[in-house]
Peer 1: 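Before I ask anything, here is the structure I am working with.
In this text, all values refer to a predicted model and were calculated from it rather than measured experimentally. Numbering of ligands and ligand atoms starts at 1, following listing order.
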Amino acid sequence: MRPVGSKYFLEEPLGRGATGTVWRARQRETAGAEAAVAGQPGETVAIKVLKEELASDPDIVMRFLRERSVLLRLTHPNIVRVRDLVVEGDLLALVMDLVEGPDLHRYLRENGPFSPVGAALLTAQIADALAASHADGVVHRDLKPANVLLRQYGGQMHPLLTDFGIARLADSPGLTRTQEFVGTPAYVAPESAEGRPQTSAVDIYGAGILLYELVTGRPPFAGGSALEVLHQHLSAEPRRPSTVPDPLWTVIERCLSKNPDRRPSAENLARGLRVVAEGIGVHANSAQIAAAENVGALLLPDPDPAAVPDTPGAADPTQVLPHGAGAVDPNAATSFLPHTGAGNPVGAADPTAVLPTNRGGAADPTAVMPPVPPGQAGQYGQQGHRSGGPEEPHPWQNQLRAARDRNEQTQVQQYLDPDEDPLRRRPQRQVARPQPQQPPQRQQRPQQGPPQGGYGQGGYDQGGYGRQPQQRQQYAPQQQQPQRYAPPPQPERPAREPRQPRQRSANPMKIPGLGCLKGCLFTILILFVASWLIWELSPLQEWIGTGKSYWQQLGDIVDTVSKWIGDLGGNSSGQQ
Ligand SMILES: Nc1ncnc2c1ncn2[C@@H]1O[C@H](COP(=O)(O)OP(=O)(O)OP(=O)(O)O)[C@@H](O)[C@H]1O
């Protein structure tokens, strides 16, 4: 058992993330006054031992120490409590409460999506945690299911948000200098992806993605590479699944607004989600249904969002704690960029990227950043700008722009009118087909009285986060999904010249001569007729003076030839 400081020892690893390894550990002695929780000898705790690369970076150690008070003071029923921080030699460790239970990512993978009510209630608790931390000026910045632990007791699940402050640690100038990054592509807010100023609204975006994933089982934006995913965060609209009720979709859409100012505050999000959960539950009354349908009015933005320090344009880098990272730099494109776990599609399982990776290739979703060419690491000064040329964009910006340009081109080229598409065009049969019957429009939920049925077995009133019903779908979306991906307008094509009708050959019967049986027979016939005519009509018979008919003469000739051939055969055998 490995000691950590003088107060703890590690027992067994619980899991490994991008920033370090989490261990089940035990307290040896009561911690000192600097710890938030003194603890008792023998008590079980979880300890996240940060990676050596982080621990050996003096910038990170400094920040770790500065952030101590922030990390230790964050207490909320839905936040994993940080009990102590240990700095010893090359070891940095966070001592936390041990949470017995899976993380939300694993839970989702093993159990499938939640019912809309369950998803709304669980996300409401996460929003509670965010509201508390935002009020304290702390932005999580890496919200994802893997960072939500589920404490299970008595058939209930209690979500706890963890990894607060890790993104802040990894924002160290030491890391940005070498172009490393923090974040997870599937959950990165557009403003983070673009390196614009960030506020607590990035966590609301993360909560929106998480909520979407809870009800559908997957995040809204996926792709073959992390860059593709980032691009979607910037420009694509989430597709509405048919299983998501209107009020819940309103919440998701608002959280996923590209404009951070349109996203609700964490507090309003929590309130809105609870109203939605009530209104879409099996026993909702008409007032609750109406309230859920008007949830949009509750989702007011935060008038004073917490700024993320040290990001470009951040209002006040010292608002939370003093940082030694220098002045706000508008050229700092982004100091926290995503990477993902190899082998996975870009998505939920992706660990937070903090350290540089050299993994490349199209199939590798970790390939967000170009690997830092040897000798270039360190070219970037604090906040990610090049010390030799502060005006130059961060290479990641170029990558993103290039990807965007590529995508735009591809889009234009990809869209092809099916009539123009030679692969899809089929001969058009003029057969009158019966028009397909439109399925009868699903009845909208009645405005009065409780709805018939609910959202899966674990509805709100059953007090759990029930699973998504697989077949039973009680609530059809009231509107068709708006057409969001309209094909780009096609440039007008010049009208095609009408084709000349095919000219049929003047000679309908082909007489190609040799090689064609019909032609051969025809030729032989012509020769026969011609020779017969010559024989009968020409003075040939007289010249020969025999007076024989054509056929007799022909027979004679054949006899002569066969005799001649017979003689030839006889001669040759006689000579032998
Ligand atoms: N306080 C805790 N109690 C119990 N298990 C924990 C605790 N904190 C983390 N774990 C578990 O340890 C594992 C690793 O956690 P960690 O936070 O390092 O990984 P992650 O969140 O998946 O990665 P990343 O660092 O990329 O966010 C996870 O499976 C998580 O469930």
Peer 1: At a 4.0 Å cut-off, with the gap strictly under it, does some heavy atom of K144 reach an atom of ligand 1?
Peer 2: yes
Peer 1: Determine whether a donor-acceptor pair (N or O, by modelled atom type, separation under 3.5 Å) exists between the side chain of N78 and the backbone of A129.
Peer 2: no
Peer 1: Assess whether a salt bridge exists between E11 and R24, defined as any Lys/Arg side-chain N lying under 4.0 Å from an Asp/Glu carboxylate O.
Peer 2: no
Peer 1: Under 4.0 Å from a heavy atom of L149: give me the atoms of ligand 1 that qualify, with their elements.
Peer 2: 1 (N), 2 (C), 3 (N), 6 (C), 7 (C), 8 (N), 30 (C), 31 (O)
Peer 1: What atoms of ligand 1 come closer than 4.0 angstrom to any heavy atom of D97?
Peer 2: 1 (N), 2 (C), 3 (N)
Peer 1: Relative to atom 21 (O) of ligand 1, which among N147, D142, V49, V82 owns the nearest non-hydrogen atom?
Peer 2: N147
Peer 1: How far apart are the closest heavy atoms of P116 and V215, and which atoms are they?
Peer 2: CA-CG1, 3.6 Å
Peer 1: When you measure from the side chain of D136 to the backbone N and O of V138, does any donor-acceptor pair fall under 3.5 Å?
Peer 2: no
Peer 1: Heavy atoms only: which of G17, A46, G20 is nearest to atom 20 (P) of ligand 1?
Peer 2: G17
Peer 1: For ligand 1 and R16, I'd like to know whether there is a polar contact (N/O to N/O, distance under 3.5 Å).
Peer 2: no
Peer 1: Does V99, backbone or side chain, put an N or O under 3.5 Å from an N or O of ligand 1?
Peer 2: yes
Peer 1: Heavy-atom distances under 4.0 Å are what count here, so tell me which part of R24 touches ligand 1: side chain, backbone, both or neither.
Peer 2: neither
Peer 1: Answer yes when K144 and D163 have at least one side-chain N-carboxylate O distance shorter than 4.0 Å, and no when they do not.
Peer 2: no
Peer 1: With heavy atoms under 4.0 Å as the rule, classify the contact between D163 and ligand 1 as side chain, backbone, both or neither.
Peer 2: side chain
Peer 1: What atoms of ligand 1 come within less than 4.0 Å of a heavy atom belonging to A146?
Peer 2: 21 (O), 22 (O)
Peer 1: Which residue is it: R83, R26, Q27, R28? I am looking for the one with a side chain to side chain donor-acceptor pair (under 3.5 Å) to E43.
Peer 2: R83
Peer 1: So that I know where these two stand, are Y212 and F221 an aromatic pair - ring centroids less than 6.0 Å apart?
Peer 2: no
Peer 1: Where is the tightest heavy-atom contact between L269 and L299, given as atom of each residue plus distance?
Peer 2: CA-CD2, 4.4 Å
Peer 1: Would you mind running through ligand 1 and noting each atom that sits below 4.0 Å from a heavy atom of L14?
Peer 2: 4 (C), 5 (N)
